[in-house]
Participant: 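Dumping the structure here so I can ask a few things about it.
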Amino acid sequence: MYELKEHRQCRNQLIVITAVLFVLGVAFNIGELIAFGAVFGLLALFNIYTYKENLKDDNRLKSRK
């Protein structure tokens, strides 16, 4: 009887530990996705800005000829 109670307690602890690790893993993955999204979003904005500036410069050079 005592052994069965210990087994149940151990099993419950493993279930709790597994659930906590799962939640932490999901939270970390979501944070990682947000961080990558922010970095790549900023890179995209920078590329759009430089592309527009390059177009302006190109048009200025073409109008000189």
Participant: Once you round to the nearest 0.5 Å, how far does CG of L43 lie from CD1 of I48?
Facilitator: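 Rounded to the nearest 0.5 Å, the CG-CD1 separation comes out at 11.0 Å.
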Participant: Supply the atom-to-atom distance T50 OG1 to L55 CG, rounded to the nearest 0.5 angstrom.
Facilitator: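 Here the rounded value is 10.0 Å.
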Participant: Just wondering, are more than 12 heavy atoms of other shown residues or ligands nearer than 6.0 Å to CZ in R8?
Facilitator: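 Open: at most 12 neighbouring heavy atoms sit under 6.0 Å from CZ of R8.
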Participant: So, do I17 and L21 sit near enough that their side-chain heavy atoms are less than 4.5 Å apart?
Facilitator: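 I17 reaches L21 side chain to side chain.
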Participant: Rounded to the nearest 0.5 Å, what separates atom CG in N47 from atom CZ in F40?
Facilitator: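 Interatomic distance, N47 CG to F40 CZ, rounded to 0.5 Å: 11.5 Å.
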Participant: For I34 and I30, what are the C-alpha separation, side-chain angles and deciding distance, and is it a side-chain contact (heavy atoms from CB on, under 4.5 Å)?
Facilitator: CA-CA 6 Å; I34 291 171; I30 291 171; 4.0 Å; yes
